[in-house]
Amino acid sequence: MNAGFTTLDYMIFIAYALLIMSLGLWISRSKKGVEKDSKDYFLAGGTLSWWAIGASLIAANISAEHFIGMSGSGFRIGLGIAAYEWIAALTLILVAKYLLPLMIEKKIYTMPQLAKERYGKGVSFFFSFFWLLVYVFVNLTSVAWLGALAMEQILGFPREYGVPALLVFAGIYSIYGGLKAVAWTDVIQVVFLVGGGLITAWFALDAVGGDTGGAIQGFVTVLQKVREVPSDLHFNMIIDRNLDIDGTVFKDLPGLAVIFGAMWLTNLGYWGFNQYIIQKGLAAKNLKEAKKGLIFGAYLKILIPIIVIIPGITAYVLFNHPDLQHTLVGLDGTIQVADEAYPWLLRNFAPAGIRGLAFAALVAAVVSSLASMLNSTSTIFTLDIYRDMVKPNASEHQMVKVGRITAFVALVIAIISAKPLLGGLDQAFQYIQEYTGFIYPGVVVVFGMGLLWKRATNRAALWTTIATIPAGILMKIALPDLPFIIRMGYVCIVLITLAVVLVLTDSHQVKAKPVSEKHHGMLTRAGWYFGIGAAVTFIAGVIWGTPLFDFNLLNLGFNSIFMMSALLVFLSIIMFTNASSGRQDDKAYDFEPDLFDTDGKFAAGAFGIVLIIVALYAYFW
């Protein structure tokens, strides 16, 4: 099987591979007599512009888990899975305005470095260990496996060779050149992945639309076919359990939990505190460029469902509506598991020439993500374990060398472990979300209070960190049938309660530095706003999120709102104590409210994102 690839398709794909490899190695070169130091290798020398940041963010984020995994979820679940993308766009606004400014001002290189400076080596080591496990055994393996699956489905290239081929391709320039090579090749990769993805979606819809209808009519037809069946939820953003016949869709996307619940934890943890993502913002020329880059990335995120989810829904409609199945005549293969949907579409609907371009887009998505993950794995191990715990006086040359060795070792481990971990899955995207969800509640609580709460202490952070994974495992054992998004929210409530009690009872604090009258007023007002929001959401949760009343909305997952109440209470306590408490941790970060100021362009960009997402949710509710 080679998907009908012509000589032109192969030429286009080979040209792409040579372009990326050549560009990556060219950027990786050092000036004669000048050796890369750790900032050059791990943070691109602090030289990235807004468009490079935004492009690199999305190229690092969009990978086989989207083209293959999310498209598979579109085939099996529907548009509701787009919540991960559209809530992410809103999250990027919050990260750009409130989190990134603090990190850049404090000259943060890595998230474990932040943990060490704010809390101490114990918390830093735990999170270094967590992230390394996630990158190697969840992220690298899943992206490489799904990319290899696509190569097998499209080209007939055996999966056992595809995994090492993709990892080695990504490793050649990323291991040698570091973040600068990754970021600048990502600028090219994002053009391929967005352009190629849109082209594949266009031709699949065009096939549905017929000779006279075109792609626009094809989308209208797909939408009509889904909505003809009342129980078909493929174009519902909010899933009602009462309409979900077998309960499988609600378990993955439990109604309003995507708006009120732990999907915010997933996105804040991923976009705010995930090393291989936030590293792009930390490498910016300055804070203004970093903020613009994140807003640019948010607009690109809004496009992603068109590129990957709509094709998956299109494949589902073709296979499930008899009056459209004449379109399948003469097509190659079928879809055995959901994650085969996108390769099947690409194999059958992209024309010669375009097929090579679209396949290059898919491989670009895989390779760019693998390169970013390898670079961040080496960054965390080198700066947070090797330099801090093994050789504190390591030279710049030694750190760059260790970084390269670490990336190579991670690459080898991922090659060996990919098949045992992912060989039997139907939707790898859900595997990734659930198992990274075991650490995101702890990540958000510990790093969030570390940045924002002056009273947060090492003891509170350490025990909250230690409790994170056991709390997630115990909650899964105790409530195995509860959707993991709601379950993650309950874990967050437990961790917030633990953190607050430990902080407020910790005597290892020093006298607080006084805050200005302006700062005091702003913090107090924010505390009241968050407190009122917490009260409103808690009352709403009691009324509509519990079985106390017959008119409850448990069928829409309204019980997820209690996590929002807990977060708002947490923020209220942070604001009030920052304003008025006479105690603080001796390692607390000081900051002035002016740090969070933004200009009119940022506000306009953020408002545009919010407006688009509200309109999308209103139409596809």
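Numbers here are sequence positions counted from 1.
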J.: To the nearest 0.5 Å, what is the distance between CG (Leu567) and CD1 (Ile561)?
T.: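 If I round to the nearest 0.5 Å, the distance is 11.5 Å.
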J.: What pair of heavy atoms forms the shortest contact from Arg227 to Phe235, and how long is it?
T.: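 Looking at all heavy atoms of both residues, the shortest contact is NH2-O, 4.1 Å.
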J.: Excluding sequence neighbours, so at least two apart, what forms side chain to side chain donor-acceptor pair (under 3.5 Å) with Asn552?
T.: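 Result, side chain to side chain donor-acceptor pair (under 3.5 Å) vs Asn552: none returned.
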J.: Minimum heavy-atom separation for Ile486 and Ser560, please, with both atom names.
T.: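 Taking Ile486 first and Ser560 second, the nearest heavy atoms are CG1-CB, 4.2 Å.
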J.: Can you sort out the partners of Ala15 under side-chain contact (heavy atoms from CB on, under 4.5 Å), two or more places apart, ordered by chain and number?
T.: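 Listed in chain order: nothing, the list is empty.
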J.: Quick one: side-chain contact (heavy atoms from CB on, under 4.5 Å) partners of Lys225, sequence neighbours excluded?
T.: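 Partners of Lys225 by the side-chain contact (heavy atoms from CB on, under 4.5 Å) criterion, ordered by chain and then number, come out as Thr221, Glu228, Val317, His321, Asp323, Leu324.
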J.: Anything under 30° is parallel, anything over 60° is perpendicular, the rest tilted; go ahead and classify Trp544 against Phe558.
T.: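 Rings of Trp544 and Phe558: perpendicular, as their planes differ by over 60°.
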J.: Is a side-chain N or O of Trp264 found less than 3.5 angstrom from the main chain of Ile259, in a donor-acceptor match?
T.: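 Yes.
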J.: Please check if the side chain of Arg241 supplies one atom and the backbone of Phe250 the other of a donor-acceptor pair under 3.5 Å.
T.: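 A pair under 3.5 Å: no.
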J.: Could you list the residues that satisfy side-chain contact (heavy atoms from CB on, under 4.5 Å) with Tyr98, not counting sequence neighbours?
T.: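 Tyr98: side-chain contact (heavy atoms from CB on, under 4.5 Å) contacts with Leu94, Phe596.
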J.: With ring centroids as reference points, do Tyr440 and Phe273 lie under 6.0 angstrom apart?
T.: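 Judged by ring-centre distance (under 6.0 Å), Tyr440 and Phe273 do not meet the cut-off.
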J.: Please report the shortest heavy-atom distance between Ala89 and Ile302, naming the atom on each side.
T.: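 Closest pair (atom of Ala89, atom of Ile302, distance): CB-CG1, 4.1 Å.
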J.: Please report the closest heavy-atom contact between Val444 and Leu268, naming both atoms and the distance.
T.: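 Reported closest heavy-atom pair: CG2-CB, 4.0 Å.
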J.: Taking the side chain from Trp271 and the backbone from Val95, do they hold a donor-acceptor pair closer than 3.5 Å?
T.: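 Absent.
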J.: Could you pull out all residues at least two apart from Ile485 that satisfy side-chain contact (heavy atoms from CB on, under 4.5 Å)?
T.: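 Listed in chain order: Tyr84, Pro254, Ala257, Ala262, Met263.
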J.: In terms of ring plane angle, is the pair Phe75 and Phe319 parallel, tilted or perpendicular, where the classes change at 30° and 60°?
T.: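 Perpendicular, since the angle between the ring planes exceeds 60°.
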J.: Distance from Lys301 atom NZ to Ile609 atom CD1, nearest 0.5 Å?
T.: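 Reported to 0.5 Å precision, the distance equals 12.5 Å.
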J.: According to side chain to side chain donor-acceptor pair (under 3.5 Å), who are the partners of Lys292, at least two apart in sequence or on a separate chain?
T.: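 Not a single residue meets the side chain to side chain donor-acceptor pair (under 3.5 Å) criterion with Lys292.
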J.: If you compare all heavy atoms of Leu79 against all heavy atoms of Met237, which two are closest, and at what distance to 0.1 Å?
T.: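 So the minimum-distance heavy-atom pair works out to O-SD, 3.3 Å.
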J.: Do you know the tightest heavy-atom contact between Ile313 and Val222?
T.: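 In terms of heavy atoms, the two residues are closest at CG2-CG1, 3.9 Å.
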